[in-house]
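Keep in mind that the numbers below use all heavy atoms, side chains included, and drop hydrogens, waters and symmetry copies. Chain letters run A, B, ... following the sequence lines, proteins first and then strands; every chain starts at 1. This is a predicted model, so every value here is computed, not measured.
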There are 2 protein chains.
Amino acid sequence: MKRKITLKHIARELDVSISTVSKALKNSEEIGRDTKDKIQAFAKLYNYRPNNIAISLKNKRTKNIGVIIPDIVHHFFTTVFRGIEHYANARGYNVIVCVSDESFDKEVINMEMLANGSIDGFIMALSAETQLKNDYNHLKEVTEQGIPLVLFDRVTDEIQCDKVIINDEEAAYRAVENLIELGRKKIALVTTENYLNVSAKRAEGYRRALKDNNISFDENLVLQLPYQMEEESMSEAFFKNQKFDALLCVNEIFAVKCMGLARKYNKRVPQDMACIGFTDGILSKYSTPSLTSVDQHGELMGETAAQMLIDKIESDHGENDEEQFETKIISATLIERGSTLSNS
Amino acid sequence: MKRKITLKHIARELDVSISTVSKALKNSEEIGRDTKDKIQAFAKLYNYRPNNIAISLKNKRTKNIGVIIPDIVHHFFTTVFRGIEHYANARGYNVIVCVSDESFDKEVINMEMLANGSIDGFIMALSAETQLKNDYNHLKEVTEQGIPLVLFDRVTDEIQCDKVIINDEEAAYRAVENLIELGRKKIALVTTENYLNVSAKRAEGYRRALKDNNISFDENLVLQLPYQMEEESMSEAFFKNQKFDALLCVNEIFAVKCMGLARKYNKRVPQDMACIGFTDGILSKYSTPSLTSVDQHGELMGETAAQMLIDKIESDHGENDEEQFETKIISATLIERGSTLSNS
DNA sequence: TTGTATGCGTTATCAA
DNA sequence: TTGATAACGCATACAA
């Protein structure tokens with residue numbers, strides 16, 4: 001077993017001091033040609049690599065960023081994560097992921113673990129429970145310690161920090177307008193409980209679009225499902241009792257499920273019921289018919305968040321001057337497919 | 001800004017030595033009641049937390065594990081990751097993820113970065129390119145350094161280490177038998193290039209099942225698609241030219257795409273063409289018809305891998321005795337749905 | 001009961 | 001041109 005070699009080993013072996021070795025390996029001008037050559041050759045031979053941990057301790061920089069997301073088996077978060085990972089890697093950072101499982105406690109525990117020196121900054125999306133409790137003390141503590149934080153997608157106004165979001169309200173607005181342009185009059189909304197701020201935003205856009213187009217808002221056309229829509233009864237009843245010719249769903253699973261129900265109740269998609277979902281994931285692409293959906297550009301969001309974070313981390317000498325925070329808005333785009341276009 | 005406090009701060013503030021503080025906070029019996037109380041109170045007040053990095057350096061244990069996977073926007077890997085993350089967290093470990101993007105070079109770079117002290121062990125699935133090149137020197141180096149490694153799913157015989165796999169060959173065998181029991185005679189296989197060892201295994205199972213049931217193997221009934229099946233021409237031709245009444249696909253995307261093609265060529269699923277896929281992901285559940293598929297139990301695989309890894313890490317005093325490696329096999333199970341069951 | 005010294009691996013300052 | 005020393009934050013063997 002070839003154990004990792006350290007500066008000390010090299011120094012001892014070559015009968016020089018540790019600091020000489022250190023300098024030689026950094027190609028310092030201070031060290032003589034011969035000594036440098038000798039040391040460098042030896043280091044290469046034994047494949048010397050500096051120990052990251054020691055360097056972290058010395059520099060007070062880990063080159064790690066912490067990512068905390070509610071769920072990992074989830075197309076959108078996964079996409080964002082990919083963007084973060086790519087960008088971070090390109091700038092020499094590694095990514096430590098913790099999954100909160102939509103739990104407040106886990107979110108808090110994970111943050112505290114990582115905040116004790118393991119990472120240089122956080123990127124996170126709030127768990128559902130955190131948003132429900134409206135308790136952000138763990139975020140406050142972290143920012144007060146001077147650890148940079150970037151929130152994405154599931155954000156809160158309670159915390160002053162960089163943020164990356166999509167224009168949910170407007171995306172929903174445009175989706176509904178799109179349906180109206182297709183001649184739809186009775187447009188239903190399928191959403192989650194309102195404490196998820198993205199859902200709330202989307203509902204606002206939905207209402208505003210109706211209003212701007214002189215369609216009166218009908219509460220009966222809003223179906224609010226629990227986040228993990230497991231039992232079908234609510235949606236079954238909705239399909240039985242309500243009349244509508246179009247559907248806006250706040251995620252693609254709801255949308256695909258609803259298209260299934262439409263089939264069951266003999267509504268053709270898109271002829272009798274057009275359908276638009278949020279999250280342009282794998283389901284949208286491969287469902288039958290394929291689903292028109294709002295692409296949230298997760299990868300771009302991730303890259304953007306990572307860039308904001310790393311920029312802040314690396315400019316952190318300015319701990320005195322007034323902190324300036326930014327909220328970047330990623331423009332969602334509508335990908336039109338079979339569920340609204342009859343010629344597909 | 002409340003900067004992180006250290007032992008040294010406390011010591012200075014309370015006019016005691018650093019080691020006294022250290023012991024007091026560990027509730028050591030050596031320290032007097034009063035001093036202990038004083039120190040503990042102070043530490044609590046200022047929310048003292050030991051610095052992870054310093055502890056890592058001291059203990060030569062990071063409590064981090066490195067996970068390297070080919071892709072993160074991928075249901076199966078994501079599921080495995082969840083299992084790893086859950087288990088690791090429960091045992092006090094954090095997870096650093098690197099994505100190889102199916103690239104050999106990235107895999108190597110990522111491993112080397114993490115191997116320099118950032119992690120206590122690796123869990124990984126080989127990238128496609130690595131399997132294609134058949135070059136495992138980066139894995140060898142890591143294991144030779146005494147860093148524990150667990151491979152899962154995409155493994156290789158070239159490396160001696162712990163492994164977790166599913167019984168791919170048998171799962172495919174059983175899937176085909178299932179189709180035969182349903183009365184299917186001409187069963188096609190849709191697979192990827194063979195350098196992906198899982199695909200190869202599945203193809204073996206397919207052939208063995210045919211043989212055991214006296215169905216002659218017909219090369220024309222095997223469709224081999226590039227990994228990222230973007231152009232449709234090959235599969236279109238296949239559907240036009242070949243006759244078959246059942247399909248085994250090595251992943252769910254292929255399966256769903258094929259069901260789409262079946263529709264296009266007026267084959268009813270499952271009546272005219274039954275279909276089974278691998279990876280019981282979101283597509284299988286929500287496709288129309290829903291897809292019968294082989295559940296690889298990714299989460300269990302992840303937990304198992306994490307357990308093997310952490311057990312090895314924590315038993316690592318035994319660096320002298322002969323290393324014993326294990327390969328655990330997770331039993332895949334067939335989830336029957338609409339694509340093989342006509343009554344659904 | 002408390003404190004001193006040393007080490008983990010590295011870098012940086014200063015002295016030789 | 002090289003080396004001794006201190007420091008990063010913590011833990012511990014050993015002294016006092």
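- Separating the CG atom of B:Asn59 from the C1' atom of C:dT6 is a distance of 16 Å, rounded to the nearest angstrom.
- With 3.5 Å as the limit, one finds no donor-acceptor pair spanning the side chains of B:Glu102 and B:Ser127.
- Contact between the side-chain N/O atoms of A:Tyr48 and the OP1/OP2 oxygens of C:dT10 is found at a separation under 4.0 Å.
- Nucleic acid contact class of A:Thr35 (heavy atoms, under 4.0 Å, all strands): sugar-phosphate only.
- What separates CG of A:Asp15 from P of D:dA4 is a distance of 10 Å, to the nearest Å.
- Within the nucleic acid shown, B:Lys23 comes within 4.0 Å of at least one base atom, counting heavy atoms only.
- Whole-Å rounding puts the A:Asn27 CG to D:dT1 P distance at 13 Å.
- To the nearest angstrom, P of D:dG3 lies 8 Å from CD1 of A:Ile39.
- Note on B:Thr20: every side-chain N or O is 4.0 Å or more away from OP1 and OP2 of C:dT2.
- As judged by a 4.0 angstrom heavy-atom cut-off over every strand, A:Lys58 is placed among the base-contacting residues.
- Inspection of the B:Asn94 and B:Lys63 side chains reveals no N or O donor paired with an N or O acceptor under 3.5 Å.
- Among the atoms of the strands shown, base atoms are found under 4.0 Å from some heavy atom of B:Ser22.
- Under the 3.5 Å distance criterion, with hydrogens and angles disregarded, no donor-acceptor pair is assigned to the side chains of A:Asn137 and A:Glu141.
- Between A:Leu151 atom CG and A:Met308 atom CE the span is 10.5 Å, to the nearest 0.5 Å.
- Using a 4.0 Å heavy-atom criterion, one finds that A:Ile55 contacts the sugar-phosphate atoms exclusively.
- Remark: the A:Ser19 side chain and the D:dA4 base include a donor-acceptor N/O pair separated by less than 3.5 Å.
- Atom CD1 of A:Ile69 and atom CZ of A:Phe152 lie 6.0 Å apart (nearest 0.5 Å).
- Atom CD of B:Glu30 is separated from atom P of D:dC14 by 12 Å (rounded to the nearest Å).
- Atom pair B:Lys38:NZ and C:dT1:P shows a separation of 15 Å (rounding to whole Å applied).
- If you take CG of B:Leu57 and C1' of C:dG7, they are 9 Å apart, rounded to a whole angstrom.
- Comparing B:Glu29 and A:His9 against DNA chain C, the residue whose closest nucleotide sits nearer the 5' end is B:Glu29.
- To the nearest angstrom, C1' of D:dA7 lies 15 Å from CG of B:Leu7.
- Under 4.0 angstrom from either OP1 or OP2 of C:dG9 there lies at least one side-chain N or O belonging to B:Lys60.
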